[in-house]
Each structure stands twice: as C-alpha cells, then as structure tokens.
A.B. asks: 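One structure, pasted below without further comment.
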Amino acid sequence: MTKIILHVDLDAFFVSMEIRRKPHLRGMPVIVGTLEKRGIVSTCSYEARAYGIHSGISTIQAYKLCPQAIFIPPDMNYYETASEQFNNILLRYTPAHEPYGYDEAFLNMQGTQRLFGTAETAGKLIRTEIQNEIGITASIGIASNHVVAKVASETAKPDGMLSIRAGAEAEFLSPLALRNLPMIGPKTEHVLKRLGLKTIGDLASFPREILIERLGKIGSVLHNRAQGVDLNPLHPRTIKSKSFSRETTFTMDEPSKTRLRGVLRSQAEKIARDISKNRQGARTVIVKIRFTPFETFSRSTTSSTQVTSSDQLFARTITLFESIWSEYGYPPLRLIGVGVTNLSPLAQQLQFGEELSTLQPNINKLRQRYGEKIILRAVELKNPTRKPYRFKKATTAPHEER
Ligand SMILES: [Mg+2]
C-alpha cells in the first residue's frame, strides 16, 4: 500500500510571528536575530532573502547586505506557544504525527480518508486552520514518502500546496537543483558539481558505483532519493543537532540568586527535553552569563559520561554558574544561558541514581500533549512575593531553513 505523507512547514515562522504582532513590518526585509558580535540570522523574511540573506549567516554580514533591514531579537516563548498550537492542529488529523523542529511536521495520512477525504482536502483544511488560529501561513507537500513530500513543500513555498502523484516522484525531482534534495549540503554539492552534475535528474542517472566511491554510503542513499525512492525514510529522530542552547535576556538586571537558579532550571529542563527527543546525550555543558552592559563570560565542562537527564544537566550548570559568578563578586546579570554540545547517540546503560532520566521521555510526552507548564520544578514557579516576571526571553534559536 502506498504511503501518503504530508509535510507541513510554517513559512518563515519566527518572522511571520513578529509580523503578526507588528503588521507594519509586512513587506519589509525583517530578520529575527540579534545584531551584535556573533549574532546569527535565525529566520528572515522573503524580502530579506532577495538581498542574499539566509538563515545561519551572521547578523553583521546580513547588515552589510541590507543595512535597512529590521533586526528583531528572538522571543522563543512567543514562538513556542505558537509551535504548540501548530502541533495541536495537526494532531486533529492523525496521531501519526512526527514533529520536526518548531515549525515542521510530517503526517502519515494513511487511513484518514473516511474522516477528511483526500490528503489534498485535509491539507487545505490544515492550512486554513493554521491561518485562522495562529494567523500565519503554512506550505504543504504531499507525496508517497518523506523526502519527496519535503521537497514538494519547499517548492510550494510560500503559502502553497503541492501534491506529487505516486509514480511521478522522479519526474518531479528531475529538473530541480541538487541543493533541493535533503542531505545535500554545500560540501556534497561541491563534490557532485565536480562530477559535472547540476540537477537531481543528473544525479539520478549517474552511475551509482561512482557516487559510492566518491561519497561513501551516503552516495547510495542520495542516488535512491534522486530517483524519488526513500529507502531510508527521513525520520525526525534520526536528524541530529550538533548542539542545543537556551538563553534568557533580562530587561532589568537580575540580582536574585533564587531567580537565576530558577531560570537555569527551566533552561536545563528544555535542553534535556531537546536532547532526549533526539535520543542523544551530551558530554559538554556550557554556561554563559552577561554582566551589565555587555561583558559576556562562558565556561564549559566536558566529562567522559553523557548527560541525559535534566537533573544531571542542572547539577553541572549550577557548578559552572557558581564558579563564574562568585569569581566576579555576585553582580546582577543581564543575560544567562545554558548550552550543550559534544552530542552522541544515547548510551542505553543506566547509571546508579539515574532513575529520573527514565522519566524524561514520559515528561516530554506530557508536555507535548498538555503544554510546557503541565509539569514544573517547584523552583521554576513564580515567587508570589515578587512582582511578575519582568524579563523577556531571547533564546539562541535553532536555525530555521525556510
Ligand atoms: Mg518553516
């Protein structure tokens, strides 16, 4: 039986969210990213892309390409709420739902015809519901496998839908440039171009043996994909990030150790969820702090064992935090952040006293289903004797491609 995969992708998600609350920005080159040393473009509007700006380049480089661009620091709390709404809409259509990052998901629509009609009909409904409930646009690709569905949604962007008939996959991919095929990055593209290949069609008809010889195992995967065959389905859990981080910028300097610990705890919880979702463990933990106005310090620790649970991550975070903070005489902070890197597939062996990490997948499920706040550490709760939160979040956002 042919699979029916629907790939839903929010258009320029972070930027669209900013335009939703600041409609006067529509039609302008808008960049979500902080214009500062080491700032990175997380997402940019289609108008900014016309200047050659794209996700992942430095904001300083983006400024050089388009000095009139509007830079907005990321507000992850705001985006995360919308991301939850997005996934809740998709779950109305099928439980066979694989979220991929904040703004993309694959749905397997097999067996949903009686409820929603064809995948195209369901796709239309989904796009309308996203527009009505979140107020932004999404694009959808429909195909018999993940890879082709993803390429189709990219091709349909922005605000479009494209369905590829079973059997027509290779024909659809053939004229597209190599970079459109997931897994072809700049390096692989360079190798393929030196072999004289320009389009996905060129790749499909190229001798498989030579691809394997030049690229190793991946050569054979790419050869299949170029023919529209997805033998190694793009599964969200197999796509690994190299690092995760969370940062919080306070609008007023934060002197309270209790509050700072609370913020670190939330960040550790979120990162533990990210790495657990990816079935990874981290060996390096980094803590970053910024004193007023902008002196920034970071310190890291690397161990031979993987950090997998939020408790382990929090313990290491606090040690690092204390060591930097005490060194400078406990001044109030402007920014605080946690990051993990040196990620590797999760070691299955449990360690003594590690029971809590076995809870993590269930905590994640609860949060995915009922929202972030369904289960919290006591220290994360707002202190009732203090005024409500007065800091705004600015998290280093994962790069969003489109
Ligand atoms: Mg997107």
Side-chain angles (χ1 to χ4, degrees), residues 5-21 25-26 28-33 40-50 52-57 62 72 74-91 93 97-107 123-124 126-143 146-163 176 179-185 234-237 239-241 244 274 277-278 368 395-402:
I5 305 295
L6 209 141
H7 179 247
V8 193
D9 190 349
L10 299 173
D11 300 324
F13 178 41
F14 299 166
V15 164
S16 302
M17 290 300 294
E18 294 299 341
I19 292 174
R20 186 183 82 164
R21 62 178 168 186
L25 295 176
R26 192 175 299 282
M28 297 169 105
V30 179
I31 291 169
V32 171
I40 294 286
V41 174
S42 335
T43 316
C44 58
S45 67
Y46 291 89
E47 290 78 7
R49 288 172 203 190
I53 299 167
H54 56 86
S55 307
I57 68 168
I72 302 174
D75 179 354
M76 294 313 289
N77 264 354
Y78 177 51
Y79 311 145
E80 275 172 14
T81 312
S83 176
E84 242 170 63
Q85 259 181 299
F86 167 62
N87 284 306
N88 288 334
I89 291 173
L90 301 181
L91 282 165
Y93 290 85
H97 157 261
E98 302 170 298
Y100 179 34
Y102 286 93
D103 69 324
E104 293 179 40
F106 293 97
L107 304 177
K124 237 185 202 171
I126 291 172
R127 275 165 32 82
T128 309
E129 283 178 16
I130 292 172
Q131 179 64 260
N132 292 347
E133 294 173 39
I134 313 179
I136 61 175
T137 62
S139 298
I140 292 184
I142 304 168
H146 287 63
V147 167
V148 178
K150 185 162 168 63
V151 179
S153 74
E154 292 290 347
T155 311
K157 271 179 179 299
D159 197 14
M161 183 163 81
L162 182 62
S163 175
L176 301 176
R179 279 295 277 282
N180 289 289
L181 200 63
M183 259 168 92
I184 298 190
L234 191 64
H235 193 277
R237 287 192 190 89
I239 297 158
K240 307 292 189 194
S241 270
F244 291 100
D274 290 339
K277 249 189 203 167
N278 265 25
Q368 199 178 2
T395 306
T396 310
H399 299 153
E400 197 210 340
E401 281 300 323
R402 289 269 166 164

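Counting convention: from 1, in listed order, for ligands and their atoms alike.
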A.B. asks: Does A12 bring an N, O or S atom to within less than 2.8 Å of the Mg ion (ligand 1)?
C.D. replies: no
A.B. asks: Can a side-chain donor-acceptor contact be found between S139 and D11 if the only test is distance below 3.5 angstrom?
C.D. replies: yes
A.B. asks: Restricting to N, O or S atoms, which atom of D103 is closest to the Mg ion (ligand 1)?
C.D. replies: OD2
A.B. asks: In D9, the N, O or S atom nearest to the Mg ion (ligand 1) is which?
C.D. replies: OD1
A.B. asks: Can you list the steps and then say if D9 with D103 is a side-chain contact (heavy atoms from CB on, under 4.5 Å)?
C.D. replies: CA-CA 6 Å; D9 190 349; D103 69 324; 3.3 Å; yes
A.B. asks: Under the 3.5 angstrom rule, does the side chain of S16 hit a backbone N or O of A12 as a donor-acceptor pair?
C.D. replies: yes
A.B. asks: Would you call F13 and T43 a side-chain contact if the rule is heavy atoms closer than 4.5 Å?
C.D. replies: no
